[in-house]
Amino acid sequence: MPELPEVETTRRGLSPHVVGARVDTATVRDRRMRWPVEPGLEQRLRGQTVRQLDRRAKYLLFDFDKGQLMIHLGMSGSLRLVESHAEIGKHDHFDLSLDNGLIMRFRDPRRFGSIHWLPIHGEHSLLAKLGPEPLSDELSAGYLFERSRGRSVAIKNFIMDNHVVVGVGNIYATEALFRAGISPKKAAGKVGLARYQRLEQAIRAVLSEAIQQGGTTLRDFVGGTGDAGYFSLSLQAYGREGEPCERCGTDMKGLRLGQRATVYCPKCQR
DNA sequence: ACTGGCACCTGGGCGC
DNA sequence: TGCGCCCAGGTGCCAG
C-alpha cells in the first residue's frame, strides 16, 4: 500500500496518539522482516517516551531520548492504533503497547517492511544516501536537470531512484509524467530544463493532492484499518492501460520499465 | 559511476 | 473447488 502520501498520512494519524506516550512493552512476533529485527529491540524501547514522529522518505522515525525507532512499511505494511483487547492477526508482527491504553500495531503480510533501532538520531546507512524530499525546497527543476545530464536511464526510473529524489513510487511517477506530458521511457539526460520544471510541479501537485485526500481518513485512524489504500485521487494514467486518454482520447499504452508496470499516452507524452 | 536485473514474501485474481 | 500462473503500491544489492 504505501507510497509517500500513505506514509505521511500514517504519520499524521499516529502522531497525536503516540507522541508523549510511554512504551509499556514492545513485542516482536516475527523478526523475519526485510532485515532481521535486532535482538534486544524490545528492551531498548521499554519505558521510553515517544518525543516526536518524523518522516524521511518513506521511513517513519519515532524519536526517543535514547535513539530512534525507524520503520518502513515496504509494499504491504500498515500501522494502526488498536485497543488492547484487539485480536492479533496472522501478519501482525510488531506491537508497541503504550501507557495511554493504545497499541501501535505493525502488520505486514509480505514482510518487505523493516524495523531498526538507531542509537543516534538520523544515523543509519539506509538514510545516508537519500535524495531530497519531493515537497521541500531542496527539490528543484534545476537540480533534476543537473543530476540527469549524461544519464541514459528512462526518466521514470530516474525519478523513482531514491538517490535522486525520495518518495516517488510507481503510481505517482506514472501520474506525474502524464501530467507533465513526458514519455516515461524518454532518457532522463535528454529532457530539457523547461520540461523538468513541468515535471517538478507535477510531482509536487500529485503528492500533495494525495496527502490532502489522505487527511480525510485521519478521523478513523484509531481502531480503523490503518490501511488507506489508494487515495481517491483520480488517477489519470496508472491502471488505465487500453482506456482512452482523458486529454486526447488516444488509447493509453502499457509497458514495463525496470520491472514495473507503466501506462502512458503515446500522443500526449513525448 | 551507471545500468538493468534479481531478490526478498504473501495473497488475490484469473484461466483452465 | 482446486491448481498453477501472474501480478502487486519498495528498494537494496549484484554483476557487467
Side-chain angles (χ1 to χ4, degrees), chain A residues 1-11 29-37 55-60 70-79 89-94 106-116 124-131 134 144 146-178 184-190 203 206-207 209-211 213-214 217 225-242 254-263:
Chain A
M1 97 65 186
E3 285 226 23
L4 182 126
E6 287 81 355
V7 178
E8 177 61 19
T9 297
T10 297
R11 189 191 70 78
R29 293 190 197 81
D30 195 338
R31 312 196 89 85
R32 299 172 305 161
M33 301 299 292
R34 174 147 198 204
W35 290 278
V37 179
R55 178 186 60 73
R56 172 74 174 108
K58 293 173 187 165
Y59 293 97
L60 287 166
M70 179 170 82
I71 294 183
H72 195 290
L73 302 178
M75 288 271 261
S76 58
S78 62
L79 280 170
K90 184 180 173 187
H91 303 292
D92 292 338
H93 306 314
F94 176 71
F106 182 34
R107 170 175 296 181
D108 186 4
R110 289 174 77 178
R111 286 190 279 113
F112 284 176
S114 61
I115 305 173
H116 286 97
H124 195 281
S125 55
L126 290 171
L127 301 175
K129 291 178 179 174
L130 295 175
L144 290 173
E146 290 303 330
R147 280 289 310 245
S148 62
R149 292 311 85 186
R151 299 287 303 271
S152 63
V153 68
I155 183 83
K156 175 159 180 266
N157 296 338
F158 179 70
I159 60 171
M160 288 178 70
D161 181 348
N162 274 340
H163 304 306
V164 174
V165 54
V166 301
V168 184
N170 198 33
I171 294 178
Y172 299 110
T174 300
E175 291 302 308
L177 287 164
F178 176 81
K185 54 187 177 181
K186 175 117 183 154
K190 294 195 168 178
I203 290 171
V206 165
L207 292 177
E209 280 170 37
I211 289 171
Q213 299 273 350
T217 68
T225 63
D227 178 6
Y230 298 90
F231 293 140
S232 48
L233 171 76
S234 67
L235 299 175
Q236 297 178 287
Y238 184 84
R240 308 196 73 165
E241 178 178 351
L255 79 154
R256 289 189 83 79
L257 274 177
Q259 292 81 241
R260 303 256 129 189
T262 300
V263 183

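Side chains are part of it too, since the values below use all heavy atoms of this structure and drop only hydrogens, waters and symmetry mates. A, B, ... follow the sequence lines: proteins, then strands. Residue 1 opens every chain.
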Give me the distances for all protein-to-nucleotides 11-15 of chain B N/O pairs that come in under 3.5 Å?
{"from": "dG11(B)", "atom 1": "OP1", "to": "Lys90(A)", "atom 2": "NZ", "distance (Å)": "3.0"}
{"from": "dG11(B)", "atom 1": "OP1", "to": "His91(A)", "atom 2": "NE2", "distance (Å)": "2.7"}

So, using salt bridge (charged side-chain N to carboxylate O under 4.0 Å, His left out) as the criterion, who are the partners of Arg260(A) when residues are at least two apart?
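Testing Arg260(A) for salt bridge (charged side-chain N to carboxylate O under 4.0 Å, His left out), a comparison that skips the adjacent residues, returns none.
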Arg32(A): what forms a salt bridge (charged side-chain N to carboxylate O under 4.0 Å, His left out) with it, not counting sequence neighbours?
Asp30(A)
P-based separation of dC3(C) from dC9(B) [nearest Å]
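Rounded to whole Å, the distance is 23 Å.
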Can you tell me how far P in dG5(B) sits from the matching atom in dC7(C), rounded to whole Å?
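Pairwise P distance, dG5(B) against dC7(C), rounds to 15 Å.
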Rounded distance [0.5 Å steps], CE in Met33(A) versus NE2 in His93(A):
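These two atoms lie 5.5 Å from each other.
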Could you tell me whether the side chains of Asn162(A) and Lys58(A) share a donor-acceptor contact shorter than 3.5 Å?
no
Can you tell me which nucleotide in dC9(B), dG10(C), dC2(B) comes closest to the side chain of Arg260(A)?
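Side chain of Arg260(A) sits closest to dG10(C).
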Choosing from dT3(B), dA8(C), dT10(B), which nucleotide comes nearest the side chain of Tyr238(A)?
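Shortest atom-to-atom distance from the side chain points to dA8(C).
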Face-to-face stacking of Phe112(A) with dT11(C), centres under 5.5 angstrom, angle under 30°:
no
Given dT3(B), is OP1 or OP2 found less than 4.0 Å from the side-chain N or O atoms of Ser152(A)?
yes
Looking at dT11(C), I'd like to know if its phosphate oxygens (OP1 or OP2) sit under 4.0 Å from a side-chain N or O belonging to Tyr59(A).
no
Whole angstroms only, please: what is the [atom1]-[atom2] distance between [X] and [N]?
X	N	atom1	atom2	value
Asn170(A)	dA8(C)	CG	C1'	10 Å
Lys129(A)	dC2(B)	NZ	C1'	14 Å
Arg111(A)	dG9(C)	CZ	C1'	19 Å
Asp30(A)	dT10(B)	CG	C1'	12 Å
Met75(A)	dT10(B)	CE	P	14 Å

Considering only nitrogen or oxygen atoms on both sides, find all protein atoms under 3.5 Å from nucleotides 13-16 of chain C and state each distance.
none

Given Watson-Crick and G-U pairs under 3.5 Å, DNA chain C in dot-bracket ([ ] crossing, | other strand) is .|||||||.|||||||
Counting the atoms with a prime plus P, OP1 and OP2 as sugar-phosphate, which does Arg151(A) contact under 4.0 Å by heavy atoms, base, sugar-phosphate, or nothing?
sugar-phosphate
Members of residues 158-169 of chain A that approach DNA chain C, where some heavy atom sits under 4.0 Å away
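Asn162(A), Gly169(A) - these, ordered by number, are the residues of the stretch whose heavy atoms sit under 4.0 Å from the strand.
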